[in-house]
There are 2 protein chains.
Amino acid sequence: MNDRNGNRNGTHPKIEDVARLAGVSTATVSRALNATGRVREETRLAVERAVAELGYTPNFGGQALASKRTNTIGAIIPTMENAIFARALQALQETLSESNVTLLVATSHYSPQREEAQLRSLLARGVDGLALIGIYRSEIAYRLLDTRRVPFVILWSDPAQSTHVTIGFDNQAAASDVAERVIAAGHRQIAMISGIRDGNDRAEARVAGVAAAMQAHGLVLPNNWLIEIPYTLDDGEQAARQILTKTPRPTAIVCANDVIAAGVLRAARELDIDVPSQLSVTGFDDIELARAVSPPLSTVHVPHRRIGSTAARLLMDWIITGNRPNSVTFPTAFMARESLQRLEVAVT
Amino acid sequence: MNDRNGNRNGTHPKIEDVARLAGVSTATVSRALNATGRVREETRLAVERAVAELGYTPNFGGQALASKRTNTIGAIIPTMENAIFARALQALQETLSESNVTLLVATSHYSPQREEAQLRSLLARGVDGLALIGIYRSEIAYRLLDTRRVPFVILWSDPAQSTHVTIGFDNQAAASDVAERVIAAGHRQIAMISGIRDGNDRAEARVAGVAAAMQAHGLVLPNNWLIEIPYTLDDGEQAARQILTKTPRPTAIVCANDVIAAGVLRAARELDIDVPSQLSVTGFDDIELARAVSPPLSTVHVPHRRIGSTAARLLMDWIITGNRPNSVTFPTAFMARESLQRLEVAVT
DNA sequence: CAACAGAATGTAAGCGCTTACATTCGGTTT
DNA sequence: AAACCGAATGTAAGCGCTTACATTCTGTTG
């Protein structure tokens with residue numbers, strides 16, 4: 001069963017095998033491998049040699065069970081198909097990987113029920129920490145998080161609106177800023193295509209921001225000029241069609257994100273409405289798409305990658321030190337591009 | 001320390017606590033919870049009640065250690081920022097989630113070294129299965145996979161080129177088809193912007209496909225008309241600039257993916273070269289971007305989501321039954337859109 | 001009604017690792 | 001040379017779960 005080195009063939013070597021081959025105890029092997037506790041350099045090398053010879057890798061279950069840590073953090077996002085989340089997740093993963101922590105990913109499709117289910121699943125997987133999107137979720141979900149005492153951060157929302165550790169920006173202010181600029185460009189007939197607000201604080205805040213800015217200028221956002229749709233190109237195109245084929249027609253459409261705005265551009269193109277001379281369009285997010293379409297979109301730059309990497313850093317910090325970190329608010333920036341133009345036509 | 005129900009306060013309840021409260025043994029609790037072995041309905045309910053009352057969730061480490069399964073599968077992709085991988089990953093995750101399996105995600109940035117590092121990390125995390133992109137990786141990586149006996153599937157490559165279980169399509173044939181169509185449209189001066197071929201069999205195959213089709217028609221792909229760049233919009237734009245600002249100028253540019261093609265469109269726009277009347281452009285992948293840009297891109301439709309969901313299904317099958325499944329080859333389809341146009345100018 | 005079979009449950013031995021505590025080792029100090 | 005001390009290492013007790021095997025029920029059969 002055992003060869004001359006003490007290798008049990010067939011099964012994977014365990015720490016005991018390494019210990020035997022290196023001529024030390026399992027405790028020393030563990031200490032040498034995890035750099036916890038002092039080990040003479042010479043011993044460390046012997047252990048390393050044994051590990052290499054046997055091709056040993058620690059068993060995850062054993063390690064997790066004994067140490068009560070999985071070196072795994074989980075993220076639940078609406079969908080990876082939205083570039084903003086993909087970017088943040090990418091940065092999150094890269095940063096975690098520097099600490100030798102792996103990332104469990106789950107998606108909710110913007111559904112609180114699915115998020116809760118995924119949350120249970122990740123908690124059962126023993127994640128050491130969690131990254132979640134937005135502040136809206138069921139009491140149950142928050143309670144789950146609370147009783148498990150798992151460090152978690154909330155991304156994308158405005159820290160000012162949240163009692164938890166959150167890494168995001170002021171969606172409402174950013175949206176207000178967009179509207180202000182559209183208004184400053186002379187537009188008065190302004191429509192908005194929003195994401196689904198139900199259960200989505202960011203979508204809600206963006207509409208609120210636009211509405212507030214308009215109101216401040218004595219303008220109103222009529223009901224039929226505020227359309228709520230899923231964040232897809234096709235939905236954006238369709239919504240734009242609905243707005244643009246009726247009279248009167250807005251001179252500008254403010255969109256809740258770049259994908260929707262790209263859909264609006266496509267609708268305009270097909271309806272032979274020139275952007276920006278006949279219609280101004282703004283997006284939100286500043287993803288690659290914003291500069292790929294023609295004309296390039298005026299939009300709000302959001303530091304997606306920094307949100308992700310900051311999340312990783314705060315979480316690791318929290319997990320290691322045990323101290324809850326402070327929230328982080330990022331600034332956003334309006335990116336003026338061709339899709340928004342000063343209104344030339346005199347409107348009485 | 002224990003309250004009247006036997007709840008030890010502070011710490012999380014364990015299976016023993018549930019057993020005590022339900023008045024059964026830990027074995028029965030385990031059987032009831034995992035639906036393994038027969039348990040009287042009445043007993044099952046008692047266990048469920050105890051679980052609910054205590055808010056019990058199984059400890060992951062203990063479970064993994066005892067059962068030798070983690071219900072976790074890993075995926076290593078180049079980057080989530082490329083929509084094709086994000087889409088496949090999304091589908092993979094969704095499908096896995098139906099089997100109550102969670103997904104560990106790691107990224108390699110197209111670097112074999114990083115892939116190997118991530119592979120080690122995921123193997124150490126005890127994944128039950130793995131999804132990898134492409135067939136090129138170090139001997140060491142393959143050996144690692146082999147000695148661990150972890151089921152793994154390869155995505156995106158051509159199953160015909162691989163000895164492992166792979167889920168993909170014939171990249172070379174698809175690329176040849178594109179070139180054929182460009183040639184059939186009358187183009188003779190054709191340039192190609194490729195992805196980095198080193199370590200990437202798909203990029204390699206696509207160039208080979210285009211070159212083969214051209215050769216079959218007595219055409220050559222001159223060195224200065226074949227540019228290799230990373231898959232980004234900016235790189236695509238820059239490469240296109242390089243090609244388009246010299247004389248002679250190609251009448252068509254075949255791109256290795258849609259993102260690069262979008263970059264070419266942007267370069268053309270800035271150089272005042274009309275697409276498609278003065279320049280035809282083709283992409284590859286058929287991501288949303290292809291229909292967002294103007295003119296919409298002629299491209300190759302690849303069933304990204306199906307690749308992902310199929311990967312999940314095959315992996316689960318393999319893990320559960322222990323039988324290695326067969327590879328799957330998907331068909332691709334050329335999507336004729338405006339960016340490719342018949343060459344009108346008579347070229348002698 | 002005894003004998004028996006299958007269903008339901010219990011007992012207890014690990015799974016492979018970490019870590020508190022105990023022990024040994026090799027100088028230093030007195 | 002005895003006493004002492006910190007560094008290095010060893011011992012062994014869990015961590016919480018699954019599961020092979022043993023035992024106890026329960027209903028059926030001859």
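Nothing here was measured: the structure is a model prediction, and the numbers come from that model. All chains are named by letter (A, B, ...) in the order of the sequence lines, taking the proteins before the strands, and each is independently numbered beginning at 1.
- Applying the salt bridge (Lys or Arg N to Asp or Glu O under 4.0 Å) criterion to B/Arg324, with sequence neighbours excluded, gives no partner residue.
- For the pair A/Leu65 CG and D/dC17 P, the interatomic distance rounds to 9 Å; values are reported in whole Å.
- Partners of A/Arg38 according to the salt bridge (Lys or Arg N to Asp or Glu O under 4.0 Å) rule, which considers only residues two or more places apart in sequence or in another chain, do not exist here.
- Applying the salt bridge (Lys or Arg N to Asp or Glu O under 4.0 Å) rule to pairs touching residues 56-80 of chain B yields B/Arg69-B/Asp128, sequence neighbours excluded.
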Starting at the 5' end of nucleotides 4-10 of chain C, put B wherever the base has a protein heavy atom under 4.0 Å, S where only the sugar-phosphate does, and a dash everywhere else. ---SSBB
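- Of all the residues in residues 56-64 of chain B, not one reaches under 4.0 Å from DNA chain C with any non-hydrogen atom.
- In this structure, the side-chain contact (heavy atoms from CB on, under 4.5 Å) partners of A/Glu41, at least two apart in sequence or on a different chain, are A/Arg44, A/Leu45.
- In terms of the side-chain contact (heavy atoms from CB on, under 4.5 Å) criterion, residue partners of A/Ala19 (sequence neighbours excluded) are, by chain and number, A/Thr26, A/Val29.
- If you take CD of A/Glu16 and P of C/dT18, they are 14 Å apart, rounded to a whole angstrom.
- Residues meeting the side-chain hydrogen bond (donor to acceptor under 3.5 Å, both in side chains) test with A/Thr28, sequence neighbours left out: A/Ser25.
- As a whole-Å value, the separation of B/Asp17 CG from D/dC15 P is 11 Å.
- Applying the salt bridge (Lys or Arg N to Asp or Glu O under 4.0 Å) definition to pairs two or more places apart or across chains, those involving residues 134-155 of chain A are A/Glu115-A/Arg137.
- Between its opening and closing five pairs, the helix from C/dC1-D/dG30 to C/dT30-D/dA1 changes axis direction by 50°, a value rounded to 10 degrees.
- Applying the ring-ring contact (aromatic ring centres under 6.0 Å, His included) test to residues at least two apart or on different chains, the pairs with a partner in residues 57-95 of chain B are A/Phe60-B/Phe60, B/Phe85-B/Trp156.
- Here salt bridge (Lys or Arg N to Asp or Glu O under 4.0 Å) pairs that include residues 83-110 of chain A, with residues two or more places apart or in two chains, are A/Glu94-A/Arg305.
- At C/dC17, none of the side-chain N or O atoms of A/Lys68 fall inside 4.0 Å of OP1 or OP2 (strictly under the cut-off).
- Remark: A/Asn34 CG is packed, more than 12 non-hydrogen atoms of other residues, nucleotides or ligands lying under 6.0 Å away.
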